[in-house]
Amino acid sequence: MPKELRYVVVLTLIAGGSAGLLALVHDATREPIAASRKARTLQALQAVLPEFDNVPTDERVVVGAADPSAPTDSEANRLPVVFMARKGGQVTGGAVQVIHPRGYGGPVKVLVGLEGDPAGTVRVRGYRFLEHKETPGLGTKALEPPFARQFEGFEVPREPLKVKKDGGTVDAITGATITSRVVAESISEAARLFREHGGRGTPGAGTPGTAPAGQADPGQQDPVPGGGHE
Amino acid sequence: MSERTALQELGKGVWAENPLLVMVLGMCPSLAVTTTLANGLGMGAAVIFVLTCSNVVISMLRRVIPSAVRIPAFIVVIASFVTMVDLVMEGFLPDLHRSLGVFIPLIVVNCIILARAEAFASKNSVWKSALDGIGMGVGFTLAITVLGGIRELLGNGTLLGMPVLGRGFQAHAALVMILPPGGFLTLGLLMAAMQARKGR
Amino acid sequence: MDAVAYLQLVFWAMFVNNFVLAQFLGICPFLGVSRKVDSALGMAAAVIFVMVLASVITFLLYGAVLVPLSLQYLQTILFILVIAALVQFVEMAIRKFSPSLFQALGIYLPLITTNCAVLGASLLAIKKEFDFMEALVFSLGSALGFGMVLVLFAAIRERLALLRDTPRAFRGMPIALLTAGILSLAFLGFSGIVKV
Amino acid sequence: MARRTFRGGVHPEEHKDRTAGRSVETMPLPGRVVLPLRQHLGAPAKAVVKVGQRVAEGEVVAEAGGYVSAPIHAPIAGEVTAIARHRHPGGFTTDAVVIEAREAPPADAPEGASWPPEPVRMPPLDPDRASPEDLRNRVRDAGIVGLGGATFPTHVKLAPPPEKPVDTLVINGAECEPYLTCDHRVMLEETDLVVDGIRILRRILGVDRVLVGIEDNKPDAIDRLSAAFAGDPAVSVQACRVKYPQGAEKQLIRALTGRVVPAPPGLPMDVGVVVQNVATAAAVSRAVRQGIPLIERVVTVSGPSIAEPKNLRVRIGTPLADLVASCGGLTSPPGRVVMGGPMMGVAQVDLEVPVVKGSSGFLFLPAPSEEELWPGPCLRCGRCVDICPLGLAPAIIAWHLEAGDLDGAERLHVRDCMECGSCAWVCPADRYLVQWFRIAKARLHERNNQHR
Amino acid sequence: MSETTSTGEDRRLFVGPSPHLRDRDSIPSVMRWVVLALLPAVAVSLWFFGLEAARVHVIAVAGCLAVEWACLRWLRTPGSIRDGSALVTGLLLAMNLPPTTPWWMILVGSVVAIFLAKHVFGGLGSNLFNPALTARVFLLVAWPAQMTTWLRPGVRGLVDAATLDTMTGATPLGLLKEGRLSEIAASSMDLFVGQVGGSLGEVSAAALLLGGLVLLARRVITWEIPATFLGTVVAVTGAVWVFGGPQHGTPWFHLVSGGLMLGAFFMATDMVTSPMTFRGRLIFGVGCGLLTAVIRLWGGYPEGVSFAILLMNAVTPLIDRMVPTPFGRGVPKAKEAA
Amino acid sequence: MDVQGILVAGGTLGAVGAVAASVLAAASRAFRVDEDPRIGQVTEALPGANCGGCGYPGCSGYAAAVVAGKAAPDLCAPGGAGAVRRIGAILGIAIEEKVRMVAVVRCGGGHQACPTRFHYAGVRNCKAVTLLTEGGSKGCPDACEGLGDCVEACLFDAIHMGPDGLPIVDRERCTACGQCVKACPKGVMVLEPCTARVTVACHTRLAAREVRKVCSAGCISCRQCVKVCPYEALAMKGNLPVFDHSRCVSCGLCIDACKPGTMAARVTPDPAVREQALARQAERKAEEAARKAAASPAPAGDAS
Ligand SMILES: Cc1cc2nc3c(=O)[nH]c(=O)nc-3n(C[C@H](O)[C@H](O)[C@H](O)COP(=O)(O)O)c2cc1C
Ligand SMILES: Cc1cc2nc3c(=O)[nH]c(=O)nc-3n(C[C@H](O)[C@H](O)[C@H](O)COP(=O)(O)O)c2cc1C
Ligand SMILES: Cc1cc2nc3c(=O)[nH]c(=O)nc-3n(C[C@H](O)[C@H](O)[C@H](O)COP(=O)(O)O)c2cc1C
Ligand SMILES: Cc1cc2nc3c(=O)[nH]c(=O)nc-3n(C[C@H](O)[C@H](O)[C@H](O)CO)c2cc1C
Ligand code: SF4
Ligand code: SF4
Ligand code: SF4
Ligand code: SF4
Ligand code: FES
């Protein structure tokens with residue numbers, strides 16, 4: 001069946017050839033991609049961390065991963081991560097990546113930068129949304145001054161933070177209470193994880209992130225790690 | 001169909017056969033990524049590249065490929081270029097890559113590209129196919145840039161991130177414009193305007 | 001995941017995050033094959049079939065071939081190759097076994113190949129790290145959602161076609177897009193019902 | 001007695017009080033009559049007289065043109081002065097025989113011939129002795145057609161094919177159209193004839209069950225007929241709800257028997273029923289007992305522009321202008337002149353039309369309002385869908401038609417529409433729904449003929 | 001007609017198709033009744049929100065009439081400014097807005113309602129979506145903050161930006177959404193009468209009910225949609241209340257709060273955008289009720305009535321395909337003549 | 001990475017491609033459907049107006065019929081000569097071209113010339129009026145109703161309603177599809193060769209006497225046009241003049257001769273043609289006179 005054979009040959013060659021070509025391109029772009037990813041992580045970390053001289057990406061704890069210091073890609077994506085910042089070997093602070101499952105548009109991945117000592121006072125240095133689907137211009141106001149300013153240097157208490165509507169202290173953005181809640185609760189959770197895992201290099205035994213202890217109201221506000229997909 | 005000059009071949013995609021506004025192809029990226037002007041430009045550039053390259057390659061291969069496996073073959077060629085764009089963009093333009101999101105791989109299925117491969121490149125010379133690709137790509141880019149511009153301006157109060165109409169306007173920007181309904185509505189009104197002009 | 005969670009996933013894919021109205025996937029066939037309810041029904045059936053099948057096959061290929069070989073970067077090209085072949089196969093089969101359906105779907109069957117919704121479902125299932133069942137349910141929900149709005153929209157357009165007073169400038173595509181816009185505005189009402 | 005009715009329908013203002021109480025006046029003989037050859041459904045009659053010929057009252061001037069057809073008799077004695085095309089009040093033009101009364105006998109008449117000549121009558125029949133066959137032939141020869149408006153030749157209805165046995169005779173005394181009161185008066189003033197006619201019809205059909213349906217706005221007629229049939233177990237007089245179109249035969253059958261006549265081409269016969277109008281029954285009695293052919297009928301002349309609204313006994317063929325004169329003329333120029341009821345009647349171009357067998361009334365109505373002249377857009381309120389007695393979706397059919405989609409309208413069964421007018425009546429936008437359906441039916445008819 | 005002379009010489013008759021009688025209802029009369037039926041609720045809104053409410057009513061009505069006039073003039077779609085449909089839309093748009101809505105938003109709403117949702121489709125009778133609701137949802141999505149700023153009832157004067165914050169409160173449904181049902185100060189009688197925050201037409205269930213009954217009595221609307229709509233909301237919220245717990249609100253609470261009465265009697269019943277058949281209207285009402293309840297109970301928005309009606313508007317063409325079976329077609333067929 | 005990586009990638013995708021192609025190859029065998037490819041080609045050659053003028057359901061229906069030899073290749077009026085040529089090329093047959101036809105309005109009885117008998121209250125549609133009362137609303141039973149069924153019917157936007165309620169055909173746009181002819185309930189629209197620039201704008205069946213009563217533009221059977229035509233292109237048939245299109249040169253002399261203005265120019269006559277015609281007319285007059293003069297002595301006629 002020469003005609004049919006020709007189909008097979010042509011398609012095989014085109015597919016094989018294309019893939020080969022792509023392999024070349026992939027090879028050539030692998031380095032830049034890796035570099036840019038890493039740079040972006042570091043950039044994000046730099047923006048929220050106090051001064052450091054270590055490589056925070058190398059000192060991280062993936063809370064709840066099978067092997068917290070060598071997690072799989074997907075674990076690193078889904079689970080909370082604590083990055084430590086040191087200067088001269090001394091802990092100056094840390095950045096915690098948490099995933100809040102109940103943003104307006106779905107889960108929000110928040111990177112919270114903290115300053116201080118896991119054992120003592122912990123202050124907020126800044127925060128970023130790494131992945132989110134909050135409404136531009138509404139939910140994203142949570143990253144802008146009037147709202148964000150109240151957290152500058154804010155000393156995070158041990159009890160969970162709440163927005164005023166929920167009976168707490170945090171001023172919410174008008175029309176975007178949900179996102180405001182995300183920020184407040186993520187900061188709280190980040191500080192909790194930082195206190196728990198900071199400085200140890202290994203996760204606290206028996207505290208897999210799926211059932212975090214010390215939650216005041218688990219049904220209402222637990223930024224459960226891995227609680228959502230994104 | 002009479003022979004077209006090179007310039008006409010290039011120009012038809014911009015207005016008379018504008019792939020988006022006239023032929024209504026490639027709607028998904030046009031609507032999805034046009035929340036900002038910059039996205040429109042970026043997507044446009046990617047499409048110009050893929051469209052031109054795939055038109056050229058398919059035109060070169062047009063005598064080799066039997067028509068029964070034509071579609072899979074074309075699409076593999078297209079997909080290769082798209083993956084290239086994806087990889088290169090991720091490596092060198094990471095920010096743009098992030099905001100265009102899943103729509104970069106989806107350029108593969110952007111109907112414009114396969115439509116041009118089918119309707120034009122598989123029947124015409126390499127040179128003409130290249131011109132067609134560029135023209136169509138530019139036409140598409142123009143259309144989605146306008147779309148992106150309008151939506152960014154009304155929906156966010158900015159153009160390329162700058163509050164061109166002042167902060168007061170920006171504060172009252174209509175969110176809906178950068179949400180899905182805004183895409184449909186803007187494109188619909190844009191097309192109505194085109195139709196009204198043609199009707200004259 | 002339990003049954004309720006699967007149902008929620010279906011609801012989410014159909015209503016909250018509808019492919020056409022919220023995700024902008026598959027707009028071309030949505031606008032192209034929605035002039036008659038009958039052909040919309042045919043197209044919806046075809047898309048549901050192809051989409052679920054394609055998602056399953058690509059999901060398996062991804063897990064069984066690309067990941068072990070570290071060839072994830074080939075996912076787009078591989079997926080689309082599979083989809084294109086699948087669609088063409090289905091097209092030939094329909095043409096053989098149901099010429100009337102073929103007549104009705106006519107040129108739109110090949111459009112499924114270039115229907116971003118099908119590739120989108122495959123890619124999103126990977127991106128969202130679904131397991132096999134989730135991927136299956138997700139693609140089914142997405143396809144159902146696509147079919148649903150396609151049929152709804154077709155009924156709307158049959159009615160639009162009977163309108164004689166639509167101003168000239170808006171006839172045809174503009175009015176269809178504006179209708180889709182209002183429809184997607186209405187679909188925003190579902191936002192927040194289920195979060196996935 | 002439970003008030004019987006059907007699904008759908010409307011309640012237009014009745015306007016019957018101006019004539020309901022007035023007994024029928026017999027009009028003087030007209031000097032000239034115009035007899036269109038199409039006064040019934042089916043094949044037109046064929047003229048058997050020549051111009052110049054003298055005819056006696058009751059003489060056949062045109063014979064039936066086929067089985068579904070009816071002969072036409074001279075309503076007055078006189079000379080045939082023309083056989084030419086003439087406008088018919090049904091809105092068309094057709095051949096007509098014109099007879100003019102003459103003062104003196106013709107010059108070539110035999111000596112001593114009196115003028116006018118004796119009216120021609122058929123020999124009386126005894127309905128109890130004569131065979132059903134003979135009775136039926138008498139109905140045919142008397143030129144009797146349905147006087148309820150449809151003018152279907154009555155003898156045809158009285159001969160159901162053997163495969164469709166008829167077990168019920170329904171007598172239609174509903175008179176649901178506003179303004180009209182002629183059937184009402186006939187029931188009151190010619191009760192004996194109506195009762196006798198019903199018995200004759202029953203004998204011809206050989207049925208054991210007769211149902212007389214009368215809307216309950218005519219309690220006197222219900223009482224009168226109930227009394228007349230008291231003791232006759234086969235006949236039952238039933239009060240029906242006042243609702244238009246209670247008199248439409250399918251609706252009346254549904255109301256009285258609960259049976260549903262299948263959609264066209266379904267006929268009452270398909271459910272074992274024959275429907276006849278009360279005036280038809282009276283005409284049958286006259287033809288059988290007295291041998292008088294159908295040469296006159298009762299006509300309601302009414303409407304706001306007429307000086308003295310009346311029920312008139314009129315010879316067929318009398319010009320409309322004569323009727324107006326008999327009713328004291330017009331008080332104001334009418335906007336519309338309608339033959340029949342206001343819901344289904346036909347608008348007239350002018351008054352130069354004759355009374356025909358199917359003329360139940362002539363109404364002189366005001367001009368249509370601005371809103372009616374320039375209908376608004378359909379609001380999709382669905383009122384028309386709710387009330388269509390046939391369960392059609394008038395608005396949707398009309399959209400298809402306005403968009404030029406005849407097939408769509410056909411799929412929605414536009415052909416079933418009986419043009420009762422309820423939908424257009426109820427429409428707040430005053431759309432010309434019925435007219436669209438007429439156009440559609442005509443176009444579908446043309447298309448079918450083309451295909452043959 | 002040009003031949004009609006004023007000298008009275010023209011004795012030509014009018015010739016038209018039957019029927020020659022018409023029901024007295026006309027488009028303007030139907031619209032007049034809707035306006036009339038809305039008046040009690042308008043009065044209540046003026047009572048509770050004073051000048052702010054008057055301002056919103058005036059701008060919305062004037063805006064809608066102006067846009068209507070412009071559209072009739074430029075797009076030449078059928079209808080007339082005097083048919084009253086734009087007036088109804090304007091009033092209903094106002095009823096759907098918070099009392100503090102800025103003037104420019106009301107104007108944008110008028111353009112969306114009359115131009116985008118109505119005349120683009122071909123004017124009166126052709127629109128697929130309820131114009132006033134399309135505008136409301138558009139504004140809600142475009143400017144969520146302004147559209148969810150609620151004045152406390154009883155503030156009678158005009159409000160300026162500086163003092164606004166001190167005069168706002170939450171709507172009962174908003175509180176429900178945030179799980180603060182217990183904080184609702186209003187008694188159920190207040191809810192019914194309208195002593196609560198909300199859009200102009202969300203406040204007084206009683207006044208709206210009165211208007212709705214007028215429309216029903218006058219047969220401007222039929223009972224199917226309001227009955228099934230309200231019934232379904234009560235049934236679903238009732239079931240959830242019984243099985244899911246009191247934090248979801250009682251069915252009575254759902255019945256008298258938010259825009260349910262307005263929606264069920266005045267907006268879902270818009271004949272242009274709702275089904276034309278009896279069965280269709282039942283389906284429509286149940287659908288509206290179901291969607292309203294689902295969005296209120298689980299959705300991101302506190303109020304679901306507008307979305308529910310718009311969504312069911314979209315389903316209406318599909319519902320209308322189910323035309324009734326004509327008389328005599330359900331029974332075994334008569335022999336078809338070929 | 002390198003060659004191995006390239007080989008793995010190429011091999012993998014190649015294999016998938018091979019499988020896909022094999023499946024398709026097998027399927028194309030198993031599911032073969034034979035359809036004449038020319039049907040598609042012919043469909044493409046048609047204008048795609050789907051006007052139904054050819055008598056088949058849509059262009060593709062006609063294409064199938066043409067390929068099957070069941071229909072003549074020149075039935076598509078909108079496609080014109082071009083389509084015929086293309087179809088001929090596809091099917092490999094030679095076809096001779098027809099004269100182009102064009103729709104013509106054969107009535108001059110607008111609102112002014114031919115007033116209505118009554119006020120019409122109903123659907124603004126010619127068919128509707130004629131169903132309501134036979135003969136329609138105009139004084140003349142054959143007059144144009146002016147409600148534009150023809151305008152609606154034309155898919156090519158070639159007819160517009162003139163100010164006097166008479167349709168005007170755009171001869172450039174008209175494709176002679178005949179839809180207007182079918183649609184007109186009064187028989188006003190007819191197709192005539194496009195070379196005929198002058199037409200009889202009246203088709204009444206009324207006798208001249210009655211025409212005068214109801215219409216000022218109708219033909220009164222005065223025969224002036226027949227007399228004036230120098231080419232003998234006109235003859236009376238019944239009450240009306242009829243053209244012999246093969247003779248008419250469209251000089252327009254008959255237009256001048258027609259008092260009610262029934263003779264109408266669809267395209268302004270060419271002045272040169274007119275000059276010629278006048279000359280011819282003079283010539284004929286002279287001949288006539290000469291013949292008359294020669295009638296009595298009757299010498300050998302000089303033939304010319
Ligand atoms: C804020 C942020 C935190 C991240 N944290 C981690 C992490 O803890 N572990 C990880 O493997 N990848 C993490 N990533 C993903 C990296 O961008 C990237 O995948 C990884 O560093 C590069 O791969 P490598 O493991 O070969 O260095 C993070 C990304 C961001 C933006
Ligand atoms: C289109 C749209 C987008 C919204 N996006 C967000 C958002 O991103 N974040 C948020 O917190 N609320 C968002 N909301 C508002 C929420 O639905 C909700 O009304 C609000 O968070 C309630 O908080 P409030 O009490 O501050 O008004 C959005 C509303 C709409 C209509
Ligand atoms: C809408 C409609 C209304 C009718 N109303 C009456 C009526 O009121 N009285 C009547 O006798 N016939 C009425 N008819 C005619 C009947 O359907 C039927 O033809 C008639 O009663 C048969 O009797 P006949 O043949 O003796 O006239 C109506 C028909 C239609 C379509
Ligand atoms: C009972 C009834 C309800 C109506 N409801 C609305 C409505 O909710 N919104 C609106 O814009 N117009 C409404 N109208 C007015 C009118 O129908 C509306 O403008 C049309 O939808 C425009 O085509 C209503 C009219 C009636 C008779
Ligand atoms: S006229 Fe026809 S469609 Fe209208 S109500 Fe009567 S039967 Fe129904
Ligand atoms: S009654 Fe009139 S306005 Fe209402 S749906 Fe029927 S046609 Fe339309
Ligand atoms: S004018 Fe008549 S023949 Fe000419 S294109 Fe139009 S409909 Fe066809
Ligand atoms: S030509 Fe015929 S169809 Fe056209 S307007 Fe005149 S009557 Fe109507
Ligand atoms: S671009 Fe998505 S379907 Fe065409």
Side-chain angles (χ1 to χ4, degrees), chain B residues 21-22 24-34 68-83 86-87 90 101-115 118 176 179-199, chain C residues 18-32 73-88 91-92 110-120 123-124 127 167-188 191:
Chain B
L21 297 177
V22 178
V24 198
L25 290 171
M27 300 294 281
C28 307
S30 319
L31 292 168
V33 304
T34 51
V69 293
R70 178 178 88 242
I71 306 260
F74 290 174
I75 209 132
V76 164
V77 172
I78 295 169
S80 311
F81 286 111
V82 171
T83 311
D86 196 19
L87 292 171
E90 184 169 8
V102 75
F103 285 92
I104 290 284
L106 287 180
I107 296 178
V108 176
V109 278
N110 183 324
C111 318
I112 296 174
I113 298 179
L114 194 68
E118 267 273 81
V176 65
L179 292 176
F184 284 115
L185 296 177
T186 314
L187 187 55
L189 290 175
L190 217 56
M191 278 189 184
M194 291 252 322
Q195 245 174 358
R197 293 212 60 177
K198 281 215 179 119
Chain C
N18 185 278
F19 260 28
V20 175
L21 297 176
Q23 304 246 57
F24 288 125
L25 289 171
I27 308 281
C28 304
F30 170 70
L31 292 172
Y73 64 91
L74 284 185
Q75 71 169 348
T76 308
I77 190 169
L78 178 83
F79 286 8
I80 196 66
L81 176 58
V82 170
I83 292 170
L86 190 66
V87 170
Q88 207 166 356
E91 184 187 343
M92 286 194 269
L111 263 185
I112 298 183
T113 317
T114 54
N115 180 343
C116 354
V118 178
L119 184 63
L123 290 177
L124 284 174
K127 183 164 178 257
R168 236 164 226 276
F170 291 96
R171 299 220 179 125
M173 211 33 85
I175 192 76
L177 281 166
L178 294 174
T179 309
I182 301 180
L183 196 56
S184 99
L185 206 52
F187 261 67
L188 280 182
S191 61

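Just so we're on the same page: letters track the sequence lines, and every chain starts at 1. In this text the structure is predicted, and so the values were computed from the model without any measurement.
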For this session: Check whether Gln75(C) gets within reach of chain B through its side chain, its backbone, both or neither, counting any heavy atom under 4.5 Å.
Result: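 No part of it gets close to chain B.
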Problem set entry | Contacting region of Leu178(C) [heavy-atom separation from chain B under 4.5 Å] |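 Looking at Leu178(C), backbone and side chain both touch chain B.
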For this session: Applying ring-ring contact (aromatic ring centres under 6.0 Å, His included), name anything that partners Phe187(C), two or more places apart in sequence or on another chain.
Result: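 By the ring-ring contact (aromatic ring centres under 6.0 Å, His included) rule, Phe187(C) matches Phe190(C).
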Does any heavy atom of chain C fall under 4.5 Å from the side chain of [X], the backbone, both, or neither of them?
| X | value |
| --- | --- |
| Leu189(B) | both |
| Val176(B) | side chain |
| Thr83(B) | side chain |

For this session: I would like to know whether Phe184(B) and Ile27(C) meet side chain to side chain contact (heavy atoms under 4.5 Å, CB included); could you show each step before the answer?
Result: CA-CA 10 Å; Phe184(B) 284 115; Ile27(C) 308 281; 3.8 Å; yes
Exercise. Can you check whether Val22(B) reaches Met194(B) side chain to side chain, under 4.5 Å on heavy atoms?
Worked result: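 Result yes, sub-4.5 Å side-chain heavy-atom pair found.
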Exercise. Is there a side-chain contact between Leu188(C) and Leu21(C), using heavy atoms and a 4.5 Å cut-off?
Worked result: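 No. Closest side-chain heavy atoms not under 4.5 Å.
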Problem set entry | Winner by heavy-atom pair count (cut-off under 4.5 Å) against chain C, out of Ser30(B), Cys28(B), Ala79(B) |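 The answer is Cys28(B).
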Exercise. Among Gly172(C), Ala22(C), Pro174(C), who wins on heavy-atom pairs under 4.5 Å with chain B?
Worked result: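 When all of Gly172(C), Ala22(C), Pro174(C) are compared, Pro174(C) has the most.
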For this session: Find the one option among Phe79(C), Phe170(C), Phe30(C) whose heavy-atom pairs under 4.5 Å with chain B are most numerous.
Result: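 Heavy-atom pair counts peak at Phe170(C).
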Problem set entry | Closest contact, heavy atoms only, Gly181(C) versus Pro181(B) |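 Residues Gly181(C) and Pro181(B), closest heavy atoms: O-CB, 3.6 Å.
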Problem set entry | side-chain hydrogen bond (donor to acceptor under 3.5 Å, both in side chains) partners of Arg70(B), counting only residues at least two apart |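 Counting only residues at least two positions away or on another chain, Arg70(B) forms a side-chain hydrogen bond (donor to acceptor under 3.5 Å, both in side chains) with Glu118(B).
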